[in-house]
2 protein chains.
Amino acid sequence: MAPRSCSIANALGVVGERWSLLALREVFLGVTRFDQIAANTGASRDVLTVRLKKLVAAGVLEKHQYSEHPPRHEYVLTDSGRALHNVMLMLKEWGDAYVTEGPLPLVWEHSCGAVLEPRVVCAECGEEATSESLTRAAEPTH
Amino acid sequence: MAPRSCSIANALGVVGERWSLLALREVFLGVTRFDQIAANTGASRDVLTVRLKKLVAAGVLEKHQYSEHPPRHEYVLTDSGRALHNVMLMLKEWGDAYVTEGPLPLVWEHSCGAVLEPRVVCAECGEEATSESLTRAAEPTH
DNA sequence: GGCGTAAGTTGGATTTTCCAACCCACTGAT
DNA sequence: ATCAGTGGGTTGGAAAATCCAACTTACGCC
């Protein structure tokens, strides 16, 4: 039996290794340089090198040279990388609710002025998308 | 410099290891037994044993005995586990859009009848929560 | 010249992971 | 009663990934 084919597995194949998402979190927060990413995540430099290369190869990040002499780079998000924002939001939300103890280390405020409480809704009808309100529409026909 | 304290890191401490989220995906899909989870994810049995124990210890899953002789168990989601649904949805959405090639292996239909296209919105105002519409509201005061 | 910073590389020890094989308790068919 | 099959693991050894500290290169500043 081959394992189930699934976009969650595919996604994790790209960003599912340790440090990948934390490195991306830093880029989202505006920290784009190797040393700072290493310090803020706690990843060792060699592993971080490999992760960043993989994320660049996968088209999630781009490496921009912002100085030629000496050569200096920064990592910036591609469209694909920016699209991971929702994943990070939900992961943060779950961590806030069920893992983090004590005061929350980071709180987002939405442009409407409220502290952000994210909800996942169906783009069509605007109603919340819970696991109960979803049914499988297609199976692989193989 | 200590690494940044953050709910994303805390969340990944619980579900960030390989196979954890895929095992949870199976439980969401109604596959609750060890052998089937192993087969559908591709995880080796020893690693899966450790992952499931950790998820139970973290309060994400519960192990229910459904037969005494022979002892047989199934894994069921707790509230905390059910709350991971949003994370999985967004991960699937990103995988669909940026990683999976060819036809999508799985499509969800919302109760409104439409194929689900999930959006993350602010619970307060209902507007979409993009990275541009968010600002940091609090920093650790330490 | 010496110090500091950025962005890695390298080497070796330690952990994890993988995989196949094994085990035990039971069930159901012959 | 034996015999294959299933569920849920455990064990052992090989392979891969990770961690950490030290080293490197290439500059800019004083």
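Note that the structure is predicted; figures quoted are calculated from it, not measured. A note on names: the letters A, B, ... follow the listed sequences, proteins ahead of strands, and every chain is numbered from 1. Worth knowing before you read on, the calculation uses all heavy atoms, side chains too, and leaves out hydrogens, waters and symmetry mates.
- Among the nucleotides D/dG9, D/dC19, C/dG8, the one closest to any side-chain atom of B/Tyr75 is D/dG9.
- In this structure the side chain of B/Leu91 never reaches within 4.5 angstrom of the side chain of A/Met90, judged on heavy atoms.
- Salt bridge absent: B/Arg18 and A/Glu17 never bring a charged side-chain N and a carboxylate O closer than 4.0 Å.
- Interatomic distance, B/Asn10 CG to A/Lys92 NZ, rounded to the nearest 0.5 Å: 11.0 Å.
- At the phosphate of D/dT18, neither OP1 nor OP2 sits under 4.0 Å from any side-chain N or O atom of A/Trp19.
- Using modelled atom types and a 3.5 Å distance limit, the side chains of A/Thr130 and A/Glu128 yield no donor-acceptor pair.
- When each of C/dG8, C/dC18, D/dT10 is scored by its nearest atom to the side-chain atoms of B/Lys53, the top-ranked nucleotide is D/dT10.
- Atom-to-atom, CD of B/Glu74 to C1' of D/dG7 comes out at 13 Å; the value is rounded to the nearest Å.
- In this entry the distance linking CD of A/Glu17 with P of D/dC19 reads 12 Å, nearest Å.
- Here C/dT9 presents its C1' atom at 15 Å from CG of A/Leu52, a figure rounded to the nearest Å.
- At whole-Å resolution of the value, CD1 in A/Ile37 and C1' in C/dG8 are 13 Å apart.
- Summarising the geometry of B/Ala23 relative to B/Leu48, their closest heavy-atom pair is CB-CD1, 4.1 Å, with the distance given to 0.1 Å.
- Between B/Phe28 and B/His85, a ring centre-to-centre spacing shorter than 6.0 Å is recorded.
- Taking atom CD of residue B/Gln36 and atom P of nucleotide D/dG8, one finds them 10 Å apart after rounding to whole Å.
- Set against D/dT18, D/dG8, C/dT9, the side chain of B/Arg72 has D/dG8 as its closest nucleotide.
- A salt bridge links A/Arg4 and B/Glu26; the closest N-O separation between the charged side-chain nitrogens and carboxylate oxygens is under 4.0 Å.
- Dashed line: the shortest gap from a side-chain N or O of B/Lys63 to OP1 or OP2 of D/dG9 is under 4.0 Å.
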Sub-3.5 Å pairs of nitrogen or oxygen atoms, protein against nucleotides 19-23 of chain C:
| from | atom 1 | to | atom 2 | distance (Å) |
| --- | --- | --- | --- | --- |
| C/dC19 | N4 | B/Asp46 | OD1 | 3.4 |
| C/dC19 | N4 | B/Asp46 | OD2 | 2.2 |

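- The distance from atom CG of A/Asn40 to atom P of C/dA7 is 13 Å, rounded to the nearest whole Å.
- A heavy-atom distance below 4.5 Å is found between the side chains of B/Arg25 and B/Met88.
- In this structure, B/Arg51 places its CZ atom 8 Å from C1' of C/dT17, rounding to the nearest Å.
- Going from atom CZ of B/Arg18 over to atom C1' of D/dA16 covers 10 Å, rounded to whole Å.
- Applying a 4.0 Å cut-off to non-hydrogen atoms, none of the residues of residues 24-35 of chain B approaches DNA chain C.
- At a threshold of 4.5 Å between non-hydrogen side-chain atoms, the residues B/Trp19 and B/Val47 count as touching.
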